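Just so we're on the same page: letters track the sequence lines, and every chain starts at 1. Note that the structure is predicted; figures quoted are calculated from it, not measured.
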There are 2 protein chains.
Amino acid sequence: MGRWEPNARGRLEQAALELYSDRGFEQTTVAEIAKRAGLTERTFFRHFADKREVLFAGGGALQELFVGTVADLPDSVVPIDAVAAALEAVAAGFEGRHAYARERQAVIAANAELRERELIKLASWSAALTDTLRRRGVGDPAASLIAEAGIAVFKVAFERWVEEPDPRDLVQLIRESLDELKAATAGKCGSA
Amino acid sequence: MGRWEPNARGRLEQAALELYSDRGFEQTTVAEIAKRAGLTERTFFRHFADKREVLFAGGGALQELFVGTVADLPDSVVPIDAVAAALEAVAAGFEGRHAYARERQAVIAANAELRERELIKLASWSAALTDTLRRRGVGDPAASLIAEAGIAVFKVAFERWVEEPDPRDLVQLIRESLDELKAATAGKCGSA
DNA sequence: ACGGTCGATGACAGTGACTGACATCGCCAA
DNA sequence: TTGGCGATGTCAGTCACTGTCATCGACCGT
């Protein structure tokens, strides 16, 4: 029970999600999380920059998948389609994790500070995507706008996916959302 | 010099911007802000929910202008055009405040926590806009997507406006950005 | 003028997030 | 065995933020 139990980081992540889910984010102290993981508060802060980050540290791999997908596509693919492909690749990464995503998202939705952190993570995706698009020769500000729009599509689709207890196909939700955005910016659909 | 100097709130806002601008956000304590404004730390927290909010409290009026503009437009106006009109109305509100906006934005850009707060404010605009669009009969998820895309247009245009020391016309920057987004997403309704 | 009410402020103690400095523990290589 | 080294523990300290109560200053009715 002493030091050197394996996977300290993972234990902290799991303990945090459980406590945030049970008592709420604000009602949970870092000391409690650490204790449940068999560690000390100081060690928590060696693994995670702050109390919120423990819920978001896993997102780094997704961002790499996301950007990598766009970068690997042939230049002949138009930007909006490249973004669509990347979104679908990320969506596929959530396969079979609906229950986990749902619990985590419920915790985040219940607290403003956690929503803030989530938004800045998505903004970081958007910035990385903007960069990748520029490298493909997309101009400014088109690159930023396509990236922001793409992230918006993901956000909306993901929200819908998580809302329902009965998991639909996230990839398809993303396709639908993108089509709706295309229609709306063309000024053709959705008006009263 | 005692109590009852007028405009305590405004003095706190100005003192905070000056100190954040000079020393940086993290290097400034709330006690210092309060002292410069001739008040105490406790009074600061009676006016602003936290150390960041002092930079964002003025945004409420803008959100009302923004949503109000959309709500007042005749239903015959297509959603994307209604959003464009609202963005331009807000842009007009920044007339002659370029120097202030520039200083404030520099402070925000220099600190991750402040960027987080800015993102959640924009997300709040987006949510309010989504609501207003729904009331105009726009369906889901089109309402969310148009709102998110509109905010993205504003974000990109505003960034460009603030970047340059020599102020261009924000309204025109917004028009250009919206056109770029339309071009990038151009396609038929329901296309793959 | 007087006393009373009320909102804004001050004073103070307390909690908890986060940090820096240093000691300690367990693994691995020389 | 021993020394290095990374991960952890311990402890003190700062600062954001909160609850509570006292105090001040303006306005109001008498």
Novice: Toward the 5' end of DNA chain C, which comes first, R46(A) or E26(A), by nearest nucleotide?
Specialist: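 Its nearest nucleotide being more 5', the pick is E26(A).
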Novice: Using the side-chain heavy atoms of L39(B), tell me which of these nucleotides is nearest: dT9(C), dG9(D), dA17(C).
Specialist: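 Of dT9(C), dG9(D), dA17(C), dT9(C) is nearest to the side chain of L39(B).
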Novice: Below the 4.0 Å mark, does dT8(D) have OP1 or OP2 next to a side-chain nitrogen or oxygen of T43(A)?
Specialist: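 Answer no for this pair, as no side-chain N or O of T43(A) is under 4.0 Å from OP1 or OP2.
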Novice: Between atom CZ in F44(A) and atom P in dT10(D), what is the gap in whole Å?
Specialist: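 My rounded result for the distance is 18 Å.
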Novice: Could you check, using the six-membered ring where one of them is a Trp, whether F94(A) and F158(A) have ring centers closer than 6.0 angstrom?
Specialist: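 Yes: the rings meet the under 6.0 Å criterion.
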Novice: Using whole Å, report how far CZ of R52(B) lies from C1' of dC15(D).
Specialist: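 Taking CZ of R52(B) and C1' of dC15(D), I get 14 Å after rounding.
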Novice: Establish whether L17(B) and V30(B) are linked, either directly or via other cluster members, by ILVMFWY side-chain heavy-atom contacts under 4.5 Å.
Specialist: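 They do share one cluster, since a chain of ILVMFWY contacts under 4.5 Å joins L17(B) to V30(B).
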Novice: What is the separation between atom CG on D50(A) and atom C1' on dC15(D), rounded to the nearest whole Å?
Specialist: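 Roughly 16 Å, once rounded to whole Å.
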Novice: Mind calculating the distance between CG (L19(A)) and P (dG16(C)) to the nearest angstrom?
Specialist: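 Result: 14 Å.
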Novice: Could you tell me how far apart F45(B) (CZ) and dA8(C) (C1') are, to the nearest whole angstrom?
Specialist: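 That distance rounds to 17 Å.
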Novice: Closest approach to the side chain of K51(A), judged atom by atom: which nucleotide of dT10(D), dC18(C), dT9(C) is it?
Specialist: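 Within the option list, the nearest is dC18(C).
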Novice: Base of dG19(D), side chain of R42(B) - is there a donor-acceptor contact under 3.5 Å?
Specialist: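 When only heavy-atom distances are counted, R42(B) does reach the base of dG19(D) through a donor-acceptor pair under 3.5 Å.
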Novice: Give a yes or no on whether a salt bridge exists between K51(A) and E26(A), defined as a side-chain N under 4.0 angstrom from a carboxylate O.
Specialist: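 Salt bridge between K51(A) and E26(A), a charged N being under 4.0 Å from a carboxylate O: no.
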Novice: Given atom CD of E41(B) and atom P of dA16(D), what is their separation to the nearest angstrom?
Specialist: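 Rounded to whole Å, this separation is 6 Å.
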Novice: What is the distance, rounded to the nearest whole Å, between atom CD of Q27(B) and atom P of dC15(D)?
Specialist: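 The distance from CD of Q27(B) to P of dC15(D) comes to 11 Å, rounded to the nearest Å.
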Novice: Less than 4.0 angstrom between a side-chain N/O of T29(A) and OP1 or OP2 of dG16(C), yes or no?
Specialist: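 No, no such contact exists.
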Novice: Give a yes/no verdict on a cation-pi contact between R104(A) and F56(A), requiring under 6.0 Å between NZ or CZ and the six-membered ring centre and an angle within 45° of the axis.
Specialist: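 Yes, a cation-pi geometry holds between R104(A) and F56(A).
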Novice: Phosphate oxygens OP1/OP2 of dA7(D): is one of them under 4.0 Å from a side-chain N or O of H47(A)?
Specialist: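 So the side-chain polar atoms of H47(A) never come under 4.0 Å of the phosphate oxygens OP1 or OP2 of dA7(D).
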Novice: Whole Å only: how far is the CD atom of E5(A) from the P atom of dG26(C)?
Specialist: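 That distance rounds to 12 Å.
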Novice: Assign A31(A) to base, sugar-phosphate, or nothing according to its heavy-atom contacts below 4.0 angstrom with the strands shown.
Specialist: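 It contacts nothing in the nucleic acid.
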Novice: Under the salt bridge (charged side-chain N to carboxylate O under 4.0 Å, His left out) rule, what do E176(A) and R160(A) come out as? Steps first, then yes or no, please.
Specialist: CA-CA 11 Å; E176(A) 289 173 12; R160(A) 302 198 113 201; 5.0 Å; no
